[in-house]
Amino acid sequence: MRIDIVTIFPEALAPLEVSILGRARARGLVEISVVDLRDFTSDRHRQVDDLAYGGGAGMVMKPEPFFAAVEALTPQEGPRPRVLLTSPQGRRFDQRAAEELSREPHLIVLCGRYEGVDERVVEGLGVEEFSIGDYVLTGGELAAMVIVDATARLIPGVVGDAASVVAESFATGLLDYPHYTRPAEFRGLRVPEVLLSGHHEAIRRWRRREQLRRTLARRPDLLCWDALGEEDRALLRDDDA
Ligand code: 4GY
């Protein structure tokens with residue numbers, strides 16, 4: 001998969017060089033390039049913003065550099081890349097969106113700054129707006145990194161163990177169960193006995209029940225009651241299942 005990120009602050013995307021994604025890049029599983037929007041200006045001052053039509057405080061990002069960047073990054077042949085813009089006005093980015101985007105061969109992610117981006121960028125380039133949550137950041141770069149990280153880790157091979165990607169939170173539509181490692185007792189706090197038992201079926205049931213309980217207690221909005229099977233209902237009913 002190829003991902004191009006267009007920004008006036010390429011340094012802000014440096015974290016993508018390291019960690020899991022850094023390795024995936026090095027191994028050729030995902031090709032991420034950070035592109036400087038100012039390279040697509042044609043004036044002496046490399047200007048990317050201008051005053052807002054209609055007045056008001058703050059600057060608006062000009063359309064021309066975004067058009068030039070997307071046109072330069074779009075291959076002549078083959079399927080058109082999906083072009084995203086991170087903004088609070090967008091579709092909520094969630095695990096379903098990450099799964100959908102991880103199947104694309106090529107994404108272009110545009111990052112806004114200042115008061116926002118000229119609306120013709122959205123209209124004229126077929127841009128899809130995505131929001132990572134209901135709060136306002138100082139720029140789109142952090143949101144772009146969130147989207148790229150959550151998307152790229154779903155590409156087969158990017159994260160070491162495929163089973164861990166499937167088992168964890170949200171792949172199942174539920175919150176994750178609690179995790180423990182050694183020692184079995186730490187400052188008087190014990191690891192639940194069942195996890196030390198070696199009884200795989202009992203461990204599976206315990207984890208599933210923890211997932212269901214935690215989801216019910218913390219994020220009831222995520223629980224699809226209709227999708228719960230008889231075992232799940234029983235696990236939520238009995239205290240000792
Ligand atoms: N929330 N989700 C978000 C954001 C900052 C002004 C446009 C968000 O995705 N992006 O808050 N972005 C704004 C800042 C220009 C982007």
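Numbering of ligands and ligand atoms starts at 1, following listing order. Predicted, not measured: the structure shown is a model, and the values here were computed from it.
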_Counting non-hydrogen protein atoms only, what is the nearest one to atom 1 (N) of ligand 1? Give residue, atom name and distance._
Tyr135 O, 2.9 Å
_For ligand 1, the portion of Ser131 having any non-hydrogen atom under 4.0 Å away_ = both
*Hey, is ligand 1 close enough to Gly133 that some N/O pair sits below 3.5 Å?*
yes
_Arg113 vs Met61, side-chain contact (heavy atoms from CB on, under 4.5 Å): CA-CA, chis, key distance, verdict_ = CA-CA 7 Å; Arg113 281 270 159 176; Met61 293 188 87; 4.1 Å; yes
*Does a sphere of radius 6.0 Å around CZ in Arg182 hold more than 12 heavy atoms from other residues, nucleotides or ligands, not counting ones at 6.0 Å or beyond?*
no
*asked:* Can you tell me which portion of Phe130 lies within the under-4.0 Å heavy-atom range of ligand 1? Options are side chain, backbone, both, or neither.
replied: backbone
*How about Val148 and Leu16: do any of their side-chain heavy atoms sit closer than 4.5 Å?*
yes
*asked:* Tell me the protein heavy atom at minimum distance from atom 10 (N) of ligand 1, and give that distance in Å.
replied: Ser87 N, 3.3 Å
*Less than 4.5 Å apart, any side-chain heavy atom of His106 and any of Arg80?*
no
*Considering only the protein, which heavy-atom contact is closest to atom 16 (C) of ligand 1, and what is its distance?*
Thr86 O, 3.9 Å
*So do the side chains of Thr74 and Ile108 get within less than 4.5 Å of each other, counting heavy atoms only?*
yes
*Can you tell me which residue and heavy atom of the protein come closest to atom 6 (C) of ligand 1, and the distance to 0.1 Å?*
Tyr114 O, 3.1 Å
*Heavy-atom nearest neighbour in the protein, as seen from atom 15 (C) of ligand 1, with distance rounded to 0.1 Å*: Arg113 O, 3.5 Å
*Got Ser131 and Arg91 here, is their nearest side-chain heavy-atom distance under 4.5 Å?*
no
*Check whether any side-chain heavy atom of Arg2 lies under 4.5 Å from a side-chain heavy atom of Leu73, and answer yes or no.*
yes
*For atom 2 (N) of ligand 1, what is the nearest protein heavy atom, given as residue, atom name and distance?*
Ile132 N, 2.9 Å
*asked:* Check contact between Phe93 and ligand 1, using heavy atoms of the residue and a distance below 4.0 angstrom.
replied: no
_Residue pair Leu21 / Val158, side-chain heavy-atom distance below 4.5 Å_ = yes
*Taking side chain as C-beta onward, heavy atoms only, is Ile3 less than 4.5 Å from Met1?*
yes
_Contact check: Gly140 vs ligand 1, nitrogen or oxygen atoms, below 3.5 angstrom_ = no
*Can you list the ligand 1 atoms lying under 4.0 Å from a non-hydrogen atom of Gly116?*
15 (C)
_Closest protein heavy atom to atom 13 (C) of ligand 1, given as residue, atom name and distance to 0.1 Å_ = Leu137 O, 4.0 Å
*What atoms of ligand 1 come within less than 4.0 Å of a heavy atom belonging to Ala143?*
9 (O), 10 (N)
*asked:* I want to check something: taking the side chain as every heavy atom from C-beta on, are Glu123 and Arg120 in contact at a cut-off of under 4.5 Å?
replied: yes
*For ligand 1, which atoms have a heavy atom of Val136 less than 4.0 angstrom away?*
11 (O)
